[in-house]
Every structure is written in C-alpha cells, then in structure tokens.
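Beneath this line is the structure, given in structure tokens, with notes to follow.
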Protein chains: 2
Amino acid sequence: MTKPQTTRQKRANGVESRQRILDATVEIAGERGYEGTSIAAVSAACGLPASSIYWHFKDKDDLIAAVIERSFDTWLAAVQLPGEETGTPLERVTAMARNVAKSLIDAPDFLRLGLMLALERRPAEPRGRTMFLQVRDIARAKIAETAEALVPGLDEESVQILTTYAVAGADGLFVQREINGDAVDLVAMLELHAQLVYEAATRMAARSKA
Amino acid sequence: MTKPQTTRQKRANGVESRQRILDATVEIAGERGYEGTSIAAVSAACGLPASSIYWHFKDKDDLIAAVIERSFDTWLAAVQLPGEETGTPLERVTAMARNVAKSLIDAPDFLRLGLMLALERRPAEPRGRTMFLQVRDIARAKIAETAEALVPGLDEESVQILTTYAVAGADGLFVQREINGDAVDLVAMLELHAQLVYEAATRMAARSKA
DNA sequence: CTCTTGATGTAACGCTCACTCCAATTGGAA
DNA sequence: TTCCAATTGGAGTGAGCGTTACATCAAGAG
C-alpha cells in the first residue's frame with residue numbers, strides 16, 4: 001500500500017506535495033462526494049496548480065482511489081493499535097468495538113467517503129468504489145474470523161449473518177454520528193452493539209449444537 | 001405533502017409531466033447523488049426539455065427536495081400499510097421490522113438518496129438534505145413512541161439510546177443490501193435486529209426499575 | 001374569433017469542469 | 001559549467017454545467 005523508495009529524492013518536495021494533494025482531496029471529497037470534488041477546488045486547497053495534481057496522479061479517478069487507499073491504511077493502523085487480547089470473549093469483543101469506535105472518531109474520512117462512493121451507482125464504476133469494497137471485505141473477513149474464534153460451534157451461515165449484522169451496526173452508528181454529531185456517543189453505542197451481537201452469537205451456537 | 005386540486009386541469013399534461021420529471025430525477029439522483037444529477041440527464045430521461053423542468057421547479061435544489069418529499073410519502077405509505085396491531089410486544093415489533101424491510105426493498109430510493117445527501121456536507125446545505133433529516137426525525141419519533149408503549153418502564157435516556165440503535169441498524173442493513181444486493185436477506189436481518197433491540201429494551205427497563 | 005394561461009421547444013448565456021501543453025525552475029550528477 | 005530529470009506555473013482546450021429568454025403551441029374562457 002506504500003511506495004517503495006528506489007531512488008533517494010530529497011531535492012524537490014515531490015513526496016510532500018503528494019501528501020498535501022491527498023490531504024486536500026480527502027477533506028473536499030469527504031464533504032462533497034465524488035462528483036463534487038473538483039480538481040480546481042483541490043488545487044486551491046493545497047496551493048498547487050492543477051498540472052502538479054496531474055503529474056502525481058493519472059486522473060481524478062486515480063486521485064480518489066489513492067485517497068481511499070491511504071485513508072484505509074490510516075484507519076487500519078488506528079484500529080489495530082492497542083491489541084487487547086486477554087480476558088473473557090465478551091471483554092475482548094467489547095474492547096474490539098471500542099477500538100473501532102475510537103478509530104472512526106479519529107479517522108472518519110475512510111468510512112465517510114467510502115460509504116458515499118458505495119451508495120453511488122454510476123454506469124462506469126470508479127476505481128475508488130472498487131477499492132473501498134475490497135478493503136472493506138478485508139475488515140469483514142477479520143470479523144468473521146474473530147467470531148469463529150471467540151464463539152465456537154457456529155455454523156457457516158450463522159457466521160455470515162452475524163458478520164453482516166456486526167458490520168451493518170457499525171456503519172449505521174457511524175452514519176448517525178455523522179448526522180447528529182457529538183450527540184451520539186459512538187463508543188458507548190458500539191459497546192452496546194458488541195454486547196448484543198455477542199449474545200446473539202452464543203445463542204446461535206447453542207441452537208446449532210442442539 | 002400533496003397538492004390540492006383547486007382547478008380541474010385536463011387540457012394539458014402538466015401534472016403528468018411533473019410526475020415524469022420526478023420519476024426521472026429519483027432514478028438518476030439515486031444512482032449518482034446530488035452533484036451527479038444533471039438537468040440535461042433528467043431532461044433526456046423524461047423526454048421533456050430543460051425549460052419544462054424549470055417551469056415545474058424553481059431550480060435544481062427545489063427539484064431534489066421535491067423528490068425527497070415524494071419518495072418519503074411513498075415509503076411512509078408502504079411502511080404503514082398492513083397495521084398488525086395484535087399479538088405480544090415482540091410479535092408486534094417483529095412485524096414492524098418486517099414492514100420496514102419490505103418497504104425498503106420496494107421503495108429504496110428514499111433512503112438511498114437521503115443517506116447520500118446526509119453524508120455530504122457542502123457549505124451551502126441543499127434543501128433536500130434538510131428535508132430528509134426532517135422526515136427522518138418523524139420516523140425516529142414514531143419508533144421512540146412505539147418503544148415507550150411496548151416496553152413500559154424505560155427512562156428517557158434508554159429510549160434515546162434504543163431509538164438511535166434501532167435506526168442505525170436499519171440504515172446499516174440497508175447499506176449492506178445496497179452494496180451486496182440480494183445476497184442480503186433484508187427481511188430476516190431486520191427481524192433479527194428487532195428481536196435484539198427488544199431484548200435490550202426489556203433488560204434496560206428491568207435495570208431501570210431496580 | 002380573440003384573449004389568456006399552462007406548458008413546450010429552441011437557442012443561447014456565462015461559468016466551471018476534467019484535462020493538456022509547454023515553458024520555466026530547480027537541484028543533483030557529470 | 002553543462003546537462004538532465006523532477007516538478008511547478010500558467011494559459012488554454014472542448015465539453016458540459018445550471019439557468020434564462022423568448023417564441024410557440026394547445027385549449028378553455030369571453
């Protein structure tokens with residue numbers, strides 16, 4: 001997900017410029033969506049001319065995809081930081097939810113922009129949308145994995161249902177917070193969500209064994 | 001929400017034209033979002049020139065707001081149709097969730113376009129977004145009302161938490177279905193959601209009494 | 001028939017869009 | 001010093017945007 005540094009490049013501020021362009025883009029795209037993100041606006045926000053943007057990125061599609069990629073890296077780093085891997089299964093699930101909540105508060109750009117792209121269905125699907133769905137599947141797979149590890153005895157279908165429900169709850173609560181702002185206590189809500197999902201999981205596992 | 005028919009107007013197809021414009025707009029806006037919805041595209045889709053669109057609607061903002069308004073009416077009619085008002089509280093909540101699921105499958109435009117508008121945060125907020133948030137609060141109030149009626153003993157804060165969680169689950173599951181298509185059984189997932197919310201509610205009520 | 005009003009058709013307006021061309025600058029390599 | 005390649009600056013492209021002006025048409029009213 002990060003560029004290999006084959007040749008040392010200190011002489012010009014190319015790398016820094018690239019970051020500044022991405023910073024400006026994630027801000028604007030997170031506010032106005034794909035179509036609403038104009039190259040002129042990005043240029044004004046980062047202080048670099050349009051030609052520089054097109055030197056660093058092939059086209060607008062490429063720029064948006066790069067933003068998704070980088071903001072996913074940021075979010076993934078935030079969500080994986082404190083690896084609380086001790087305690088009861090319920091405690092571990094709750095800690096996981098708390099991490100997700102904090103990371104979504106600290107780095108909301110990834111999910112906000114991603115959901116906007118995901119809801120749009122234009123004829124020629126932009127690369128950014130595909131990229132979002134791909135990295136989202138990675139997160140989904142990790143959740144499924146965790147479910148199987150912490151709640152033994154779950155059949156395949158139950159895991160799928162629980163995973164879908166878990167992701168949906170996170171998405172929905174995130175949307176609520178985006179709409180209502182700090183009035184929504186994302187940490188508390190996601191902890192509640194984790195608890196409810198965990199209970200549903202244990203019940204499904206018990207039913208599956210019987 | 002609907003126009004009063006003061007004078008009979010049979011001579012020209014004005015009312016029908018208005019509907020055709022709204023139909024075309026909801027289709028395009030549901031695919032491409034606010035900025036992606038061009039008057040030219042709407043004009044091509046409904047077969048009427050741009051001037052007709054501007055005769056029926058003040059500007060693009062007005063057009064999108066009208067689409068939100070009409071699709072909310074459609075959705076509200078769908079969700080209120082079969083008034084299952086008998087049975088245990090859990091059965092009633094589940095029936096309610098089933099109605100919501102069916103209505104979202106039959107008339108997804110309202111929520112899809114609304115969520116897209118809600119996630120966007122442009123400087124000059126479009127009327128369509130405000131309209132969506134308003135009608136969404138209506139739905140939210142109805143859920144809170146139902147919670148208090150079916151689960152007595154809930155304090156104010158618990159009602160707010162439960163309502164937020166209930167709406168978030170519906171939003172999130174809807175998004176999942178928009179992304180993954182028919183692979184997501186929206187009816188089953190929302191029934192599960194209703195069950196989990198109901199159990200959480202009874203537990204909160206019990207804890208509140210103690 | 002004429003007059004009025006609702007509605008459509010045609011053609012443009014000024015502006016912004018994504019994108020390109022190319023000259024200028026910059027700093028390390030030779 | 002000369003050269004080269006990585007960037008930047010700025011002007012410009014045609015296409016599309018939202019919106020408007022205005023002529024035109026259909027039909028009920030007088």
Side-chain angles (χ1 to χ4, degrees), chain A residues 3-25 28-29 31-67 120 122-128, chain B residues 3-25 28-29 31-67 120 122-128:
Chain A
K3 275 278 186 65
Q5 192 171 346
T6 51
T7 59
R8 70 257 151 78
Q9 42 190 160
K10 247 183 301 183
R11 68 129 172 256
N13 39 1
V15 198
E16 185 203 322
S17 291
R18 197 188 145 97
Q19 296 304 317
R20 273 171 55 198
I21 294 171
L22 288 175
D23 288 340
T25 307
I28 296 172
E31 282 175 357
R32 315 174 69 112
Y34 184 90
E35 302 268 3
T37 302
S38 73
I39 300 295
V42 173
S43 168
C46 72
L48 287 169
S51 57
S52 288
I53 299 177
Y54 280 94
W55 192 90
H56 287 282
F57 304 95
K58 182 174 158 289
D59 53 18
K60 181 175 163 176
D61 221 42
D62 190 38
L63 173 61
I64 302 280
V67 163
E120 293 185 9
R122 48 173 48 68
E125 170 155 317
R127 283 186 47 217
Chain B
K3 276 277 187 64
Q5 193 170 348
T6 51
T7 59
R8 68 261 153 78
Q9 43 190 159
K10 248 183 300 182
R11 65 127 173 260
N13 38 1
V15 198
E16 186 202 320
S17 291
R18 197 188 145 95
Q19 297 302 318
R20 273 170 54 197
I21 294 172
L22 287 175
D23 289 340
T25 306
I28 295 173
E31 283 175 356
R32 313 176 71 115
Y34 184 90
E35 301 268 4
T37 303
S38 73
I39 301 295
V42 173
S43 168
C46 70
L48 287 169
S51 58
S52 288
I53 300 177
Y54 280 93
W55 193 90
H56 287 282
F57 304 94
K58 180 175 159 288
D59 53 18
K60 181 176 165 176
D61 221 42
D62 190 38
L63 173 61
I64 302 280
V67 162
E120 293 185 9
R122 49 171 49 68
E125 169 157 319
R127 284 186 47 217

Does Asp59(A) or Gly47(B) map to a spot on DNA chain C nearer the 5' end, using the closest nucleotide for each? Gly47(B)
Which of the following nucleotides, dT7(D), dC19(C), dG9(C), is nearest to the side chain of Tyr54(A)? dC19(C)
Side chain of Ala40(B) only, please: which of dT8(D), dG18(D), dC17(D) is the nearest? dC17(D)
Of the nucleotides dC17(D), dT7(D), dG10(D), which one has an atom closest to the side chain of Ser51(A)? dG10(D)
Separation of dT19(D) atom P from Ile64(B) atom CD1, nearest Å, is 11 Å
Would you classify Ile39(B) as touching base, sugar-phosphate or nothing, given that sugar-phosphate means primed atoms plus P, OP1 and OP2, and contacts are heavy atoms under 4.0 Å? base
Tell me whether the OP1 or OP2 atom of dG27(C) has a side-chain N or O from Asn13(A) closer than 4.0 Å. no
For Ala24(A) and Val42(A), which heavy atoms make the closest approach, and how far apart are they? CB-O, 4.0 Å
Contact class for Ser43(B) (heavy atom, under 4.0 Å): base, sugar-phosphate, or nothing? nothing
Side chain of His56(B) - closest among dT19(D), dC19(C), dT8(C): dT8(C)
For Phe57(A), is there any backbone N or O sitting under 3.5 Å from a side-chain donor or acceptor partner on Asp62(A)? no
Between dC17(D) (P) and Ile28(B) (CD1): distance, integer Å: 10 Å
If you measure from CG on Leu63(A) to CD1 on Ile53(A), what distance do you get to the nearest 0.5 Å? 7.0 Å
For dG16(D), does either OP1 or OP2 sit under 4.0 Å from a side-chain N or O belonging to Ser38(B)? no
Checking the side chain of Arg20(A) only, and the main-chain atoms of Cys46(A) only, is there a donor and an acceptor separated by less than 3.5 Å? yes
Distance criterion of 3.5 Å, no angle test: do you see the side chain of Ser52(B) paired donor-to-acceptor with the base of dG9(C)? no
dC17(C) P sits how many Å from Ile53(A) CD1, rounded? 12 Å
Which nucleotide in dT8(D), dA7(C), dA18(C) has an atom nearest any side-chain atom of Ser17(B): dA7(C)
Could you check which of dA18(C), dG6(C), dG9(D) has an atom nearest any side-chain atom of Trp55(B)? dG6(C)
Tell me: CZ of Phe57(A) to P of dA18(C), nearest whole Å? 15 Å
Length of the line joining Arg32(B):CZ and dG18(D):P, which is rounded to integer Å: 11 Å
Atom-pair distance (CZ on Arg18(B); C1' on dA7(C)), nearest Å: 14 Å
Would you kindly give the CG-to-P distance between Leu48(A) and dG9(D), to the nearest whole Å? 6 Å
d(CD1, Ile21(A); C1', dT7(D)) in whole Å: 10 Å
Determine the minimum heavy-atom distance between Glu35(B) and Gly36(A), stating which atoms define it. CG-CA, 3.7 Å
